[in-house]
Amino acid sequence: MRYSEMHLPTGREIPSDAEVVSNQLMIRAGMIRKLTSGIYSYLPLGYRVIRKVEQIIREEMNRAGAQEVHMPMVQPAELWQESGRWTHYGKELLRFRDRNDREYCLGPTHEEVITDLVRHDIKTYRQLPCNLYQIQTKFRDEVRPRFGVMRCREFGMKDAYSFDADEAGAEKSYEKMFDAYNRIFRRCGLNFRPVEADSGSIGGSFSHEFMVMAESGEDSVVFCEKCDYAANMEKAEIPAPQEGATEQKEALPMQSVETPGVRTIEEVSTFMEVGPEQIVKTLIFNADGKPVAVLIRGDHEVNEIKVKNYLGATQLELADDDMIFAATGAPRGFAGAVGIKVRVIADYCVMNLANLVTGANRDGYHLKNVNIGRDFNVASWADLRVAQQGDPCPRCRGRVRVARGIEVGHVFKLGTKYSQAMKAAYLDKDGKEKIMIMGCYGIGVGRTVAACIEQHHDRDGIIWPMTLAPYTVIVTPVNINEADVMKASEDIYAGLLAAGAEVILDDRDERAGVKFKDADLIGIPLRIVVGARNLAQGKVELKIRKTGESRLIAADDIVARAVEIISSETQETG
RNA sequence: CGGGGCGUAGCGCAGUCCGGUAGCGCGCUUGGUUUGGGACCAAGAUGUCGCAGGUUCAAAUCCUGCCGCCCCGACCA
C-alpha cells in the first residue's frame, strides 16, 4: 500500500497517561485509540496485527481438530441462572434489560452458551469428542482497566470448549490444546512459558497459564532454575521439609512479655529484638463460618488459595474482630497457638522453629521461647505459604526463581461443572445417560499483541517478528522528487506486490529522516532504502529492523532477496 | 469503594494562587528555500477553557453540584 493513502497517524510524543511501553507504542504507532476507559478502537495498522494473530490461532486450532463457530455477545440471564453464575459472577458481568424488561448480560465468556448449544445437538457418544472455538469480543467490567489493551474491558478473545465422553478423552483434548497453544505462541515469536495454575476443585495439573515473560507483567511466576517446573503464585508448591532438617536447640522456659500496642510483625520484631523469622504469625480465618488458626513464619505470607484447598472450604476469608476475640480471647494482633480453642494448622516452615515468639491470646502480651509439642500442638502441617525466590523446587529440589509475566492464554479442564448444572448429557454404548466432560481454553488476542511489543521493542519503536508484522517490508525512496529514485522505488514496490509480499511504499513528500523514524516506530521488519547515490551504482540498501544491520544489494536482486528473508522468517517460527 | 491528581486548539502543556483582550510548543494550511535520521523562513486557520448553576460591572480563574479521565490501594470464576 502507498503510505500517502494510508490512514496511519503516528505521533512523536509519548502519551502522558500511557504507563506501559506497549501502550505508548501502540498509540504512537497509530495502532489503537482509546474511546473510553478500557475500551479501544483498532486503526488499520493495529487491526492488521490483530488479524495476523487470529490467523495463526485459526490455523493451529483447526490443525488440532477444533472447529470455528461464532456465538452471540448478548446472552440471556436464564442461561446464567441455570449455571448459577448469575449470582456468583459479580460486578464484572455487565447486566442490562431490553425494552421488554428481560434481563441480559454481555458475555465475559461463553461456557453457558456453548453448553446450551451442545446439549441440544449432541446426543450420543458417536458425536464425541467435540471441540468448538470462536474468536470474538468479550466484555468484562474490570474494576480497574489499565495498561492499554492489556487489561481492558472490551477485548478480543479466542475461546474454545471441548466436550468428551470420559476422563481419558478429556485429558487428550487438554493435551491437544496445550500443544496447540505452544505452537501458537511460538509462531508469534514470544518468549513464554506454560505454568501450572490452581485448578480449584478439579485438582491435578489440569490448568496451565501461558505466560509471556515481561517485567511489566501483572502476574508473578515461579520457575525452577534446574528443571522445567513452573507455576503461578497461587499454585507454586513448596515441598515438605526433609527428615532431619529440624534445628536442634535447647528449649528455654516459656515467658510472657508485656507488649502494649505491639501488633504487627515489624513492631514485635523491633520490640522483642528478634528477627521476623523467629516469630510465628497466628492468623484466624473464617472457613465456611468456622474459625481456623493458621500458623506461619513472620517473614512469610499466607497463600489463601492453599489454605482454602487444604481445608476444602468453599468460602475463606480473614476472620473479623468478633470471631478473633471469640477464638483467642484477645483483640487482633495478639493471637497465638498456645491455649487457643480452635483448630490449628501450620505451614511446614514453622516445624523447624524452636524458642519462637508468638501472641499470648491476651491483650498487650506476647510469649517468647515457645516450643512446639511442649507448649502447643498442631493438628496438621501443610504447605500454606506464598512461594519466594530461593525456595526449593517441589520436583527436583533445585532453587526456584520469581519473575513477572503476562498471561496470554489459559487452558483449563472444567470437568462437569457446567455440563452437570446445565444437563449436557449423551448416551454411551450401553445406552446409559452420562454427563459430558468439558474443557475451556482461552487466548487474549489484543493482549498477545501488547505482550509481543513488551518483548520486542527498542527506543525507536516496535520490532515486529515477521509473523505478526502488519507489513513485512517498506520501500523508502529518499526523495520522491528525483525521477530515477521514484521509478526504481515503484518498480521494487510492484515486484514485491507481484511476489505476494505485504509491502508499503513510502511515497510521501517527506524528508528521509521523517520516513526512517516512522518506519522504525511502526516496526516493519525490512526496509528498502532507495537513494540517488546508491542507485547510481545500481544498488539499494536493505536494512533489518531487528538487528539494525544494513547492506547494499543490486536493485535487480532486491525483490528476490526480500522475499527470501520474509519466507524464511515466516517458516522459521512456524 | 477509599485516597490522590487532572480536565484550556488535533496532541503535549502554561495561564487559575491574586477575576479584567485565551497563550506556548508540536501538528495542520499556503508559499518559498531545503532533501540519507523527526529541516528552515514567511504568512495563516483552529477554542461552547469538561458540564450545570451561583457570586460579580466582569469568571478559564472564586463558590456549589455533577460528569469524565488517570494514578495508588482494596477487589478479582
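Scope of the values below: all heavy atoms of this structure, side chains included, with no hydrogens, waters or symmetry mates. Residue numbers start from 1 in every chain, and the chains themselves are labelled A, B, ... in the order their sequence lines are given, proteins ahead of strands.
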According to the interplanar angle, ranging from 0 to 90°, do the rings of Trp80(A) and Tyr89(A) count as parallel (below 30°), tilted (30 to 60°) or perpendicular (above 60°)?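 Because their plane-to-plane angle is over 60°, the rings of Trp80(A) and Tyr89(A) count as perpendicular.
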Aromatic rings His208(A) and Tyr174(A): how do their planes relate, parallel, tilted or perpendicular, breaks at 30° and 60°?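 Aromatic pair His208(A)/Tyr174(A) classed tilted.
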Aromatic ring proximity Phe192(A)/Tyr181(A), centre distance under 6.0 Å: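 Centroid separation for Phe192(A) and Tyr181(A): 6.0 Å or greater.
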Determine, for Phe516(A) and Arg527(A), whether the Lys NZ or Arg CZ falls below 6.0 Å from the six-membered ring centre while staying within 45 degrees of the axis.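 Geometry flag: set, cation within 6.0 Å and 45°.
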Answer yes or no for Arg48(A) and Tyr471(A): cation-pi contact, defined as NZ/CZ to six-membered ring centre under 6.0 Å and angle to ring axis within 45°.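 The answer is yes; both the distance and angle limits are met.
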Find the partner of [N]: check Watson-Crick (N1-N3 plus N6-O4 or O6-N4) and G-U wobble (N1-O2, O6-N3) distances, both under 3.5 Å, and reply none if neither fits.
{"N": "A45(B)", "value": "none"}
{"N": "G23(B)", "value": "C13(B)"}
{"N": "G7(B)", "value": "C67(B)"}
{"N": "C40(B)", "value": "G32(B)"}
{"N": "C1(B)", "value": "G73(B)"}

Which nucleotide wins on minimum distance to the side chain of [X], given the candidates [options]?
{"X": "Arg146(A)", "options": "C71(B), G25(B), A77(B)", "answer": "C71(B)"}
{"X": "Arg144(A)", "options": "G38(B), G36(B), G73(B)", "answer": "G73(B)"}
{"X": "Asn481(A)", "options": "C72(B), C70(B), U35(B)", "answer": "U35(B)"}
{"X": "Val514(A)", "options": "A77(B), G36(B), G38(B)", "answer": "G38(B)"}

For atom [atom1], what is the distance between [N] and [M], given to the nearest Å?
{"N": "C49(B)", "M": "U30(B)", "atom1": "C1'", "answer": "29 Å"}
{"N": "U61(B)", "M": "G20(B)", "atom1": "P", "answer": "10 Å"}
{"N": "G50(B)", "M": "G68(B)", "atom1": "P", "answer": "16 Å"}
{"N": "A60(B)", "M": "C18(B)", "atom1": "C1'", "answer": "15 Å"}
{"N": "C6(B)", "M": "U48(B)", "atom1": "P", "answer": "22 Å"}
{"N": "U8(B)", "M": "A14(B)", "atom1": "C1'", "answer": "10 Å"}
{"N": "G65(B)", "M": "C75(B)", "atom1": "P", "answer": "30 Å"}
{"N": "C57(B)", "M": "C62(B)", "atom1": "C1'", "answer": "16 Å"}

Side chain of [X], base of [N]: donor and acceptor closer than 3.5 Å?
{"X": "Lys543(A)", "N": "G36(B)", "value": "no"}
{"X": "Arg459(A)", "N": "G37(B)", "value": "no"}
{"X": "Asp460(A)", "N": "G37(B)", "value": "no"}
{"X": "Glu541(A)", "N": "G36(B)", "value": "yes"}
{"X": "Asn479(A)", "N": "G36(B)", "value": "no"}

Kindly indicate, with the supporting measurements, whether the criterion side-chain hydrogen bond (donor to acceptor under 3.5 Å, both in side chains) is fulfilled by Tyr418(A) and Arg85(A). CA-CA 10 Å; Tyr418(A) 298 95; Arg85(A) 288 161 113 191; 3.0 Å; yes
Atom CD of residue position Gln388(A) - does it have more than 12 heavy atoms of other residues, nucleotides or ligands inside 6.0 Å?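 Counting other residues, nucleotides and ligands, CD of Gln388(A) exceeds 12 neighbours.
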So which of residues 403-411 of chain A are in contact with RNA chain B, with a heavy-atom cut-off of under 4.0 Å?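 The stretch gives none, as no residue of it lies under 4.0 Å from the strand.
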Ser216(A) and Glu454(A) side chains, donor-acceptor separation under 3.5 Å: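 Short answer, yes.
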Which part of the nucleic acid, if any, lies within contact of [X], taking any heavy atom under 4.0 Å across all strands shown: a base, the sugar-phosphate backbone alone, or nothing?
{"X": "Arg28(A)", "answer": "base"}
{"X": "Lys34(A)", "answer": "sugar-phosphate"}
{"X": "Glu92(A)", "answer": "sugar-phosphate"}
{"X": "Arg33(A)", "answer": "nothing"}
{"X": "Glu142(A)", "answer": "nothing"}
{"X": "Thr36(A)", "answer": "sugar-phosphate"}
{"X": "Asn534(A)", "answer": "base"}

Expressed as a whole number of angstroms, how long is the span from [X]:[atom1] to [N]:[atom2]?
{"X": "Glu510(A)", "N": "G36(B)", "atom1": "CD", "atom2": "P", "result": "14 Å"}
{"X": "Asp520(A)", "N": "G36(B)", "atom1": "CG", "atom2": "P", "result": "17 Å"}
{"X": "Lys91(A)", "N": "A77(B)", "atom1": "NZ", "atom2": "P", "result": "16 Å"}
{"X": "Arg511(A)", "N": "U34(B)", "atom1": "CZ", "atom2": "P", "result": "12 Å"}
{"X": "Lys517(A)", "N": "G36(B)", "atom1": "NZ", "atom2": "C1'", "result": "13 Å"}
{"X": "Ile14(A)", "N": "C11(B)", "atom1": "CD1", "atom2": "C1'", "result": "13 Å"}
{"X": "Phe516(A)", "N": "A39(B)", "atom1": "CZ", "atom2": "C1'", "result": "15 Å"}
{"X": "Glu19(A)", "N": "G5(B)", "atom1": "CD", "atom2": "P", "result": "17 Å"}

Should Lys308(A) and Glu234(A) count as an ion pair when the cut-off is N to O under 4.0 Å?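 Salt bridge between Lys308(A) and Glu234(A), a charged N being under 4.0 Å from a carboxylate O: no.
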Decide, yes or no, whether a salt bridge links Glu175(A) with Lys413(A) under the criterion of side-chain N to carboxylate O below 4.0 Å.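 No, no charged N to carboxylate O under 4.0 Å.
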Whichever of Arg151(A) and Pro15(A) has its nearest RNA chain B nucleotide further upstream toward 5':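 Taking each residue's closest nucleotide, the earlier one in sequence belongs to Pro15(A).
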Residue mapping more 5' on RNA chain B - nearest nucleotide basis, Phe147(A) or Arg12(A):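 The residue closer to the strand's 5' end, by nearest nucleotide, is Arg12(A).
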Taking the side chain as C-beta and beyond, is there a heavy-atom pair between Asp518(A) and Tyr3(A) under 4.5 Å?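 Heavy-atom side-chain distance check passes, below 4.5 Å.
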